[in-house]
Amino acid sequence: MAEPTAPSPTPPSSRFTYRHLTQLSKSSVDCPLRVVAHVDLDAFYAQCEMKRLGVPREEPLAVQQWANLIAVNYPAREKGVTRHITAVEAKKLCPEIRLVHVAVWTPGSTEWRYNDSSLPSMSLSKSSLDPYRAESKKILTVFRSTCPDAILEKAGIDENFLDLSKPIYEQLVAENEELREQIVGGKGSELLPLPGKRRLDWYGSHLVATEGEDAETGVEEVEEVLDWDDVVLAIGAGMVKRLRDAVWEELGYTCSGGIASNKMLAKLGSAFKKPSQQSVVRARAVQPFLNRHKYTKIRNLGGKLGTQIVDHVGSQLLPDLLPLTLPDLTSFLPDDTATWVYNTIRGHDRTPVTPRTATKSMLSAKSFRPPSLPSTPQHAFQWLHVFIADIWARIEDEEAFTQVVRRPRVMTLAFLGRGAQRSRQMPIVGGEGRDALRRTAETLLRAVLEEGGGRMGLWPCMRMTLDVSGFEDRETGSGNIGDFFTRKAASLPPPPLLPASTSASASILPTPSSSEEVETDLHPSKRQRITSPPAADSSTPVIPPSTSTSPSPAQPAPPQSPLTNSNPSTTTPPPSLLLCNLCNLPIPPHELPEHQDWHVAKDLEKAWWEEERRQTPQPAQPGQAAAGKKGKKKVAGGREKREKGQTVLRF
DNA sequence: ACCGGAGAT
DNA sequence: GGATCTCCGGT
Ligand SMILES: Nc1ccn([C@H]2C[C@H](O)[C@@H](COP(=O)(O)OP(=O)(O)OP(=O)(O)O)O2)c(=O)n1
């Protein structure tokens, strides 16, 4: 529809129009100049652990969960270590490898912990991915502050999409007078002038080969600028470079990026060259790029749907799919799905980058392996309580980090027994505190157990999953100091109470005595910055900044807050403290300026999370549905319909 | 609204 | 394989 169909009879004309520029400024998915980026952290969990433990970059490391690996860093991959192999096999392949087990929760515990001494037992603990979620949030924060005008969407714990159209438009117009002149008053259908002769800076990006080139000429390729589509991609490449550098500078993580005209291509692009690199897919490189992929590598084609297509076509190669006409595809796929496939393999994808950085649901789950399978309600309830502790901690942590209060309205419990699965869902009632969650969860578990699993029975238990969703924003008393204080007081150790200061700056606070320990300078956290930027082929071993290794409560709070560190160590109290008039916390005088700067930054961040909320409609109020009592039956091998459960992809 | 399932990281 | 998440279809 909005394809740049205009022919270019006259050399001085671009293929694009002023209308396209306007679309660009609005991040329209129909804009042919649209620029989307996908940024994916390299071996994310492994990088998190390397940072936490201060492991040098070049040392092989993998993250394990029970006996299996869930993340492998690049040095280890060179030795043949991959995800999906066991820790034992990894040791054989790479004896020097450092294996780090994920943190775990234990029944009765208040928080997750890393077991430095021994490996956690799968039957006695449940893994926690919270440390990675926390780092993931920090990355989002860096993205936001680096590229405030981009649309940001969290696509996974270690990957994000950005629609850079708007900020690119701004920069494009600012740097190109020829576009600025007629931009107002000019007819939208009028073709743009071609960009002046220039040499594009691709900021070290790999340029995916176009037809004719047999290999990526890589970082140094120089090429004539043909039109504005390349210009905007180059600007996008610069932004992604800045994003990646910022993540490295501020957090010590390397990541890879893809820059293209839509999400699908951006995602393929980010995976093109992996450790710490970025790739650009120009328009004329799209089909050549796609053609060298198996279409089963494209998102949504990796599962049943992809397999079904392979069965009909007899090939996984994308070029073998191109000859199929839309009717051909429709002959064995639902119309919408056929259309989606037809467009996707040609590089067309108008999926919007949806502004969302918070998850819609939180779930806590645990699988059990023989021989230790829970076989009594007591065991089930025990793990249920661990799930509640986990989820509640995450809700509170998120609140502390974003300064936005969100509470789930719906809870779902899934129980997998011997071939029989049951799930029950109901509104969370009785308040929104931890107890409400616990009682709701217990009700659900009782309901599931009472219903039972039919002939097969639910016992022994193979897996339990607790899910909360339908998050709703609570009033935060935007900018209200009282509310802020209230929230902090609820999640932090009780601060020395004093009436809120009304003075413009701060009031004097007597130094607390022995009981309320105050640590002054436990945070030498002066940004000891790293020199060399992330580079895939950099042989320079650089050790990222080490950070806090403490569990849950370590996340937020001002850097100097004496209440931040839950570890009560013996520190000499300063002569006096000032009471911050923003949060009422006692702050050493010399740290007050920095402390209040922290407030400014935190408020900015809060504004972002709140603004995002406004852009997403709140779900409707849940009706007081019943806790479910009616039972269905089989779920296991239910093959009632051929090709059932086929998801229709809409275009 | 509730439940089951696909697909992805 | 385990732990998460998101989105969709049928009822
Ligand atoms: N089946 C999977 C796939 C991934 N992950 C987690 C661990 C990874 O660290 C993180 C990101 O997944 P990626 O597929 O992006 O893989 P990596 O980040 O580990 O490596 P790469 O550098 O190839 O992206 O998600 C997981 O738990 N289970």
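All chains are named by letter (A, B, ...) in the order of the sequence lines, taking the proteins before the strands, and each is independently numbered beginning at 1. Values reported hereafter were calculated over all heavy atoms of this structure, with side chains retained and with hydrogens, waters and symmetry mates removed.
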May I ask you to say what [X] touches in the nucleic acid, namely base, sugar-phosphate or nothing, with a heavy-atom cut-off under 4.0 Å?
X	answer
A/Gly302	sugar-phosphate
A/Lys154	nothing
A/Arg133	sugar-phosphate
A/Asp158	sugar-phosphate
A/Ile70	base
A/Leu363	base

If you compare every side-chain N and O of [X] against the phosphate oxygens of [N] (OP1, OP2), does one of them come in below 4.0 Å?
X	N	result
A/Arg409	B/dA1	no
A/Ser361	C/dT6	yes
A/Lys267	B/dT9	yes
A/Arg424	B/dC3	yes
A/Ser423	B/dC2	no

One should read off an interatomic distance between A/Leu41 CG and A/Thr254 OG1, to the nearest 0.5 angstrom, of 7.5 Å

Would you call the rings of [X] and [Y] parallel, tilted or perpendicular if under 30° counts as parallel and over 60° as perpendicular?
X	Y	result
A/His38	A/Phe161	tilted
A/His293	A/Phe289	perpendicular
A/Tyr45	A/Tyr132	parallel

Assign each of A/Phe368 and A/Met362 the nucleotide of DNA chain C bearing its closest heavy atom; nearer the 5' end lies the nucleotide of A/Phe368

Residue set satisfying side chain to side chain donor-acceptor pair (under 3.5 Å) with A/Thr307, at least two apart, ordered chain then number -> none

Could you pull out all residues at least two apart from [X] that satisfy salt bridge (charged side-chain N to carboxylate O under 4.0 Å, His left out)?
X	answer
A/Lys79	A/Glu96
A/Arg98	none
A/Lys366	none

Taking [atom1] from [X] and [atom2] from [N], how many angstroms apart are they, rounded to a whole number?
X	N	atom1	atom2	result
A/Phe415	B/dC2	CZ	C1'	20 Å
A/Lys366	C/dG1	NZ	P	15 Å
A/Glu153	C/dT6	CD	C1'	10 Å
A/Asn300	C/dT6	CG	P	15 Å
A/Glu398	C/dC5	CD	C1'	14 Å
A/Lys137	C/dT4	NZ	C1'	14 Å
A/Lys360	C/dT4	NZ	C1'	15 Å
A/Trp340	C/dC8	CH2	P	13 Å

Choose from [options] the nucleotide whose nearest atom is closest to any side-chain atom of [X].
X	options	answer
A/Ser364	B/dC3, C/dA3, C/dT4	C/dT4
A/Gln65	C/dG2, B/dG7, B/dT9	C/dG2
A/Thr359	B/dG7, C/dC5, B/dT9	C/dC5
A/Leu305	B/dC2, B/dT9, B/dG7	B/dG7
A/Arg394	B/dG7, C/dC5, C/dG2	C/dC5

Here the residues of residues 74-87 of chain A within 4.0 Å heavy-atom distance, strictly under, of DNA chain C are A/Arg83, A/His84

Residues at least two apart in sequence or cross-chain that pass side chain to side chain contact (heavy atoms under 4.5 Å, CB included) with A/Ala67, listed by chain then number, are none

